[in-house]
Amino acid sequence: VQLQASGGGLVQAGGSLRLSCAVSGTTVWNSMAWYRQTPGTQRELVARIARGSLGITTNYPDSVKGRFIISRDNTKNTGYLQMDSLKPEDTAIYYCGGNFWTPAQGSKDYWGQGTLVTVSS
């Protein structure tokens with residue numbers, strides 16, 4: 001399973017970006033998530049989408065709630081993170097990851113490479 005993140009870039013404060021995370025190797029997913037990290041800090045969860053007995057659920061930390069939306073297009077096997085009202089403190093490398101199922105490995109966590117988001121003031 002491979003995850004390819006894209007969509008990062010430079011944006012002014014108040015602007016928007018949409019990150020994409022293309023998945024290959026399986027279409028069976030349990031959850032997808034976006035994390036971010038800045039130098040010297042721990043990786044922070046910014047959005048998670050999961051499916052289970054309650055259907056599709058999403059969760060966000062307070063720092064991005066109301067500004068970020070995570071989604072997934074099953075027809076494209078791709079996850080997205082829509083980021084609006086961006087702030088300079090959102091500047092970070094954003095990583096996508098998720099839990100996917102394959103016949104060989106069963107359910108397992110996978111990570112993609114990061115994409116840099118820079119928000120200028």
Side-chain angles (χ1 to χ4, degrees):
V1 177
Q2 291 188 324
L3 283 68
Q4 179 73 41
S6 62
L10 174 64
V11 63
Q12 287 190 327
S16 298
L17 279 176
R18 188 177 79 156
L19 305 183
S20 300
C21 180
V23 182
S24 60
T26 185
T27 59
V28 184
W29 68 285
N30 299 307
S31 66
M32 290 188 72
W34 289 92
Y35 289 76
R36 67 187 180 188
Q37 189 171 24
T38 55
T41 68
Q42 287 189 326
R43 196 170 289 191
E44 173 194 19
L45 174 70
V46 295
R48 183 176 182 269
I49 184 168
R51 67 177 188 180
S53 59
L54 297 177
I56 303 295
T57 58
T58 58
N59 61 283
Y60 309 89
D62 289 343
S63 57
V64 306
K65 196 173 293 183
R67 299 188 299 121
F68 289 11
I69 297 176
I70 189 170
S71 62
R72 180 182 155 86
D73 185 335
N74 289 329
T75 65
K76 297 181 179 179
N77 203 15
T78 298
Y80 301 97
L81 182 67
Q82 178 66 41
M83 305 186 294
D84 297 323
S85 302
L86 282 162
K87 305 175 181 180
E89 52 263 42
D90 294 319
T91 295
I93 298 174
Y94 284 70
Y95 299 89
C96 68
N99 187 276
F100 301 88
W101 183 90
T102 62
Q105 300 286 337
S107 292
K108 184 178 175 182
D109 291 338
Y110 297 87
W111 288 96
Q113 90 296 354
T115 185
L116 177 63
V117 172
T118 303
V119 184
S120 64
S121 57

Test of understanding: clusters of I, L, V, M, F, W, Y form through side-chain heavy atoms closer than 4.5 Å, transitively. Do [X] and [Y] belong to the same one?
{"X": "L19", "Y": "Y95", "answer": "no"}
{"X": "L54", "Y": "I49", "answer": "no"}
{"X": "M32", "Y": "Y35", "answer": "no"}
{"X": "W111", "Y": "L81", "answer": "no"}
{"X": "V117", "Y": "V64", "answer": "yes"}

Got a second to check how far [X]'s [atom1] is from [Y]'s [atom2], nearest 0.5 Å?
{"X": "R51", "Y": "N74", "atom1": "CZ", "atom2": "CG", "answer": "6.5 Å"}
{"X": "F68", "Y": "S16", "atom1": "CZ", "atom2": "OG", "answer": "9.5 Å"}
{"X": "Y110", "Y": "Q2", "atom1": "OH", "atom2": "CD", "answer": "10.5 Å"}
{"X": "S71", "Y": "Q82", "atom1": "OG", "atom2": "CD", "answer": "8.0 Å"}
{"X": "M83", "Y": "R67", "atom1": "CE", "atom2": "CZ", "answer": "9.5 Å"}
{"X": "N59", "Y": "L45", "atom1": "CG", "atom2": "CG", "answer": "6.0 Å"}

N/O donor-acceptor pair under 3.5 Å between [X] side chain and [Y] backbone:
{"X": "Y60", "Y": "I70", "result": "yes"}
{"X": "T91", "Y": "V119", "result": "yes"}
{"X": "N77", "Y": "V23", "result": "yes"}
{"X": "T26", "Y": "W101", "result": "yes"}
{"X": "Q37", "Y": "A92", "result": "no"}

> Taking it one step at a time, do T115 and S6 satisfy side-chain contact (heavy atoms from CB on, under 4.5 Å)?
Replying inline: CA-CA 6 Å; T115 185; S6 62; 5.6 Å; no
Could you pull out the closest heavy-atom pair between [X] and [Y], with the gap in Å?
{"X": "W34", "Y": "C21", "answer": "CZ2-CB, 3.5 Å"}
{"X": "A13", "Y": "S121", "answer": "CB-CA, 4.3 Å"}
{"X": "I93", "Y": "G114", "answer": "CG2-CA, 3.6 Å"}

> Do V1 and W29 come within less than 4.5 Å of each other through their side chains, counting heavy atoms only?
Replying inline: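 No - every pair of side-chain heavy atoms lies 4.5 Å or more apart.
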> Do the non-hydrogen side-chain atoms of S63 and E89 ever get within less than 4.5 Å of each other?
Replying inline: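 They are not in contact (no side-chain heavy atoms under 4.5 Å apart), so the answer is no.
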> So, D90 and K87, do they make that salt bridge, N to O below 4.0 Å?
Replying inline: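 Here D90 does not pair with K87 in a salt bridge, since their nearest N and O are not under 4.0 Å apart.
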> Between K76 and S20, does a side-chain contact (heavy atoms from CB on, under 4.5 Å) hold up when you go through it step by step?
Replying inline: CA-CA 11 Å; K76 297 181 179 179; S20 300; over 6 Å; no
> For R48 and S31, what are the C-alpha separation, side-chain angles and deciding distance, and is it a side-chain contact (heavy atoms from CB on, under 4.5 Å)?
Replying inline: CA-CA 7 Å; R48 183 176 182 269; S31 66; 3.7 Å; yes
